[in-house]
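Structure record follows, encoded as structure tokens.
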Amino acid sequence: MNRGRLVLINVIGLVIILAVVAGGAYYYYESTNFIKTDEAKVSGDLYTIVAPASGKLADWDLHEGDSVSKNDKVAYVTTLDGREAVKTAAQGTIVKSQVHDEQLVQAGQTLAQTINMDDLSITANIEENKLKDIEKGDSVDIIIDGDPDTVFEGTLEQIGYATTSVFSVMGNQNNSGNYTKVTQKVPVKISIKAPSDKVLPGMNAEVKISTK
């Protein structure tokens with residue numbers, strides 16, 4: 001083997017070793033300074049606009065995408081005794097309209113649903129054995145599938161008081177006598193700083209919580 005070829009092999013070997021070391025260092029840094037999960041979604045407080053009485057809906061002119069303020073009078077329900085105003089429960093954007101003008105409605109019927117697009121957050125599920133490493137106020141990097149080219153800043157606002165399995169319809173009961181331990185997950189709430197118009201409730205997200 002000539003000298004030049006030997007030098008080339010040594011250089012390649014050194015590059016590979018450095019790449020492995022760098023990769024290991026990066027993995028160690030990421031795993032010790034951040035907690036990541038892609039089990040996360042954009043969420044927002046959902047409110048309903050309901051019929052105050054049974055009768056015929058009048059002056060209904062709300063469409064998906066329209067903005068409303070709290071206690072807006074957005075329509076009326078004509079009853080045998082007169083008219084009752086339909087009011088909004090909170091400020092927000094109409095995300096689903098379920099009726100049309102002059103439709104017969106029942107008392108308490110949902111007419112539309114709203115979410116405040118200026119107050120969106122992220123709900124992420126964190127493994128129980130990682131909760132000890134996070135606390136309220138931790139900074140978070142957020143990537144949302146609807147706007148994947150932007151990394152949004154966030155803050156850990158709240159850590160849940162129960163695992164997601166507690167809210168499961170079926171639960172995790174096992175009467176067979178055979179038990180397999182499953183790592184549980186706890187929901188956390190993360191605020192989003194200045195979300196873009198592309199960010200919508202229900203979108204998938206990835207979060208990286210700083211533990212430094």
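Everything numeric in this text was worked out from a predicted model, so none of it was measured.
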For this session: Tell me whether V50 is reachable from L62 by hopping between hydrophobic residues (I, L, V, M, F, W, Y) whose side-chain heavy atoms are closer than 4.5 Å.
Result: no
Exercise. Are L57 and V68 grouped together when hydrophobic residues (ILVMFWY) are joined by side-chain heavy atoms under 4.5 angstrom apart?
Worked result: yes
Exercise. Under 6.0 Å from the NZ atom of K193, do we count more than 12 heavy atoms belonging to anything else shown?
Worked result: no
For this session: Report, as yes or no, whether the 6.0 Å neighbourhood of atom CG on D197 holds more than 12 heavy atoms from other residues, nucleotides or ligands.
Result: no
Seminar exercise, completed: So NZ of K198 and CG of D145: to nearest 0.5 Å the spacing works out to 13.0 Å
Problem set entry | Distance, nearest 0.5 Å, that separates CD1 of I49 from CD of Q98 | 10.5 Å
Minimal non-hydrogen separation, [X] against [Y], with atom names:
X: I126; Y: K130; result: CG2-CB, 4.1 Å
X: E64; Y: S97; result: OE2-N, 3.4 Å
X: V199; Y: L120; result: O-CD1, 3.8 Å
X: G202; Y: K41; result: O-NZ, 3.8 Å
X: D61; Y: H63; result: OD1-NE2, 3.2 Å
X: V105; Y: A53; result: CG2-O, 4.1 Å

Does [X] reach the side chain of [Y], with side-chain heavy atoms less than 4.5 Å apart?
X: Q106; Y: L104; answer: no
X: S43; Y: I122; answer: no
X: V74; Y: W60; answer: yes
X: N204; Y: I144; answer: no
X: V182; Y: Q184; answer: yes

Return the set of residues passing side chain to side chain contact (heavy atoms under 4.5 Å, CB included) with [X] (not counting sequence neighbours), or none when no residue passes.
X: D133; value: I35, T211
X: V95; value: L46, Q113, I115, M117
X: A162; value: V166, F167

For this session: Could you verify whether a donor N or O on one side chain and an acceptor N or O on the other, from T48 and T110, lie under 3.5 Å apart?
Result: no
Pairs under 3.5 angstrom only: tabulate donor-acceptor contacts from the side chains of residues 146-161 to other protein residues two or more places apart or in another chain.
{"residue": "D147", "atom": "OD1", "partner": "T150", "partner atom": "OG1", "Å": "3.3"}
{"residue": "D147", "atom": "OD2", "partner": "T150", "partner atom": "OG1", "Å": "3.4"}
{"residue": "D147", "atom": "OD2", "partner": "S196", "partner atom": "OG", "Å": "2.8"}
{"residue": "E157", "atom": "OE2", "partner": "S191", "partner atom": "OG", "Å": "3.0"}

Exercise. Does a salt bridge link E128 with K185, judged by any charged N lying under 4.0 Å from a carboxylate O?
Worked result: no
Under 3.5 Å, side-chain donor or acceptor atoms of residues 135-143 against the rest of the protein: list the pairs with distances, not counting sequence neighbours.
{"residue": "D138", "atom": "OD2", "partner": "E135", "partner atom": "N", "Å": "2.8"}

Please list every donor-acceptor pair under 3.5 Å in which a side-chain atom of residues 75-94 meets a protein atom from a residue at least two apart or in another chain.
{"residue": "T79", "atom": "OG1", "partner": "D81", "partner atom": "N", "Å": "3.2"}
{"residue": "T79", "atom": "OG1", "partner": "G82", "partner atom": "N", "Å": "3.3"}
{"residue": "T79", "atom": "OG1", "partner": "G82", "partner atom": "O", "Å": "3.2"}
{"residue": "T88", "atom": "OG1", "partner": "S69", "partner atom": "O", "Å": "2.4"}
{"residue": "T88", "atom": "OG1", "partner": "N71", "partner atom": "N", "Å": "3.0"}
{"residue": "T88", "atom": "OG1", "partner": "D72", "partner atom": "N", "Å": "2.9"}

